[in-house]
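Working notes, structure below.
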Amino acid sequence: MSMEVSSNYKDYKNDYLEWLQEGKDKAKEVGKEQGAANKSESIPVPKDEYISSEKSVSRPIGLYRMGQDENGNPKVLYDDSEKCITNTDKVDREIKKLKEQKQQLEQQIKAASGDEEKVKELEKKLSRIEGELSQKNNDTYRRQNAVIS
């Protein structure tokens with residue numbers, strides 16, 4: 001079976017497009033008839049209008065504007081009323097303390113190499129601290145436990 005495709009799209013009829021065009025033509029005719037009768041009662045149509053910042057009476061908060069940095073280079077500035085500070089010092093101290101405990105336990109294990117029971121007990125504490133350290137020594141834990149002010 002062979003098929004021929006015509007590259008001229010004007011050969012095809014599209015009833016929907018004709019129907020739309022007829023509707024537009026009718027709307028124009030009706031609009032002209034009503035427009036002649038209602039010219040005296042015409043209401044201005046609202047339009048979008050640009051108002052520059054110099055002409056604006058009040059300056060709203062929270063706007064982006066062009067400014068300059070310390071070196072005079074152009075920079076986009078955002079006027080905002082709030083400043084937010086995230087503090088992770090408490091979490092960092094907690095992690096530092098765990099690292100110190102781990103180091104002390106490793107030294108105690110080396111010093112008590114002759115006593116098997118003490119070594120097992122110290123290794124058990126060491127594994128607990130290492131597990132806790134692996135949970136806390138990451139960015140997710142820092143973000144979750146940070147103090148925001």
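All residue numbers refer to positions in the sequence shown, counting from 1. Hydrogens, waters and symmetry mates are skipped; everything else that's a heavy atom, side chains included, is used.
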Gap between atom [atom2] of [Y] and atom [atom1] of [X] - 0.5 Å precision:
X    : Y    : atom1 : atom2 : result
K125 : Q108 : NZ    : CD    : 7.5 Å
N137 : E94  : CG    : CD    : 11.0 Å
L122 : I109 : CG    : CD1   : 5.5 Å
D139 : Q144 : CG    : CD    : 11.0 Å

Could you tell me whether the side chain of [Y] reaches within less than 4.5 Å of the side chain of [X], counting heavy atoms only?
X    : Y    : result
I95  : R142 : yes
L105 : I129 : yes
P74  : M66  : yes
E117 : E121 : no
E106 : L126 : yes

Check whether N87 reaches the backbone of D89 with its side chain - one donor and one acceptor, N or O, closer than 3.5 Å. yes
With no hydrogens and no angle check, is any side-chain donor or acceptor of N145 less than 3.5 Å from a backbone partner on Y141? yes
Ion pair K136/E132, N-O distance below 4.0 Å: yes
Between K99 and L133, does the side-chain contact (heavy atoms from CB on, under 4.5 Å) criterion hold? Intermediate values first, please. CA-CA 7 Å; K99 286 182 179 180; L133 190 60; 3.9 Å; yes
Take K102 and E130 through the side-chain contact (heavy atoms from CB on, under 4.5 Å) test and state the conclusion after the steps. CA-CA 7 Å; K102 178 183 173 185; E130 284 176 342; 3.4 Å; yes
Of the non-hydrogen atoms in A146 and T88, which two are nearest, and what is the gap between them? CB-CG2, 3.7 Å
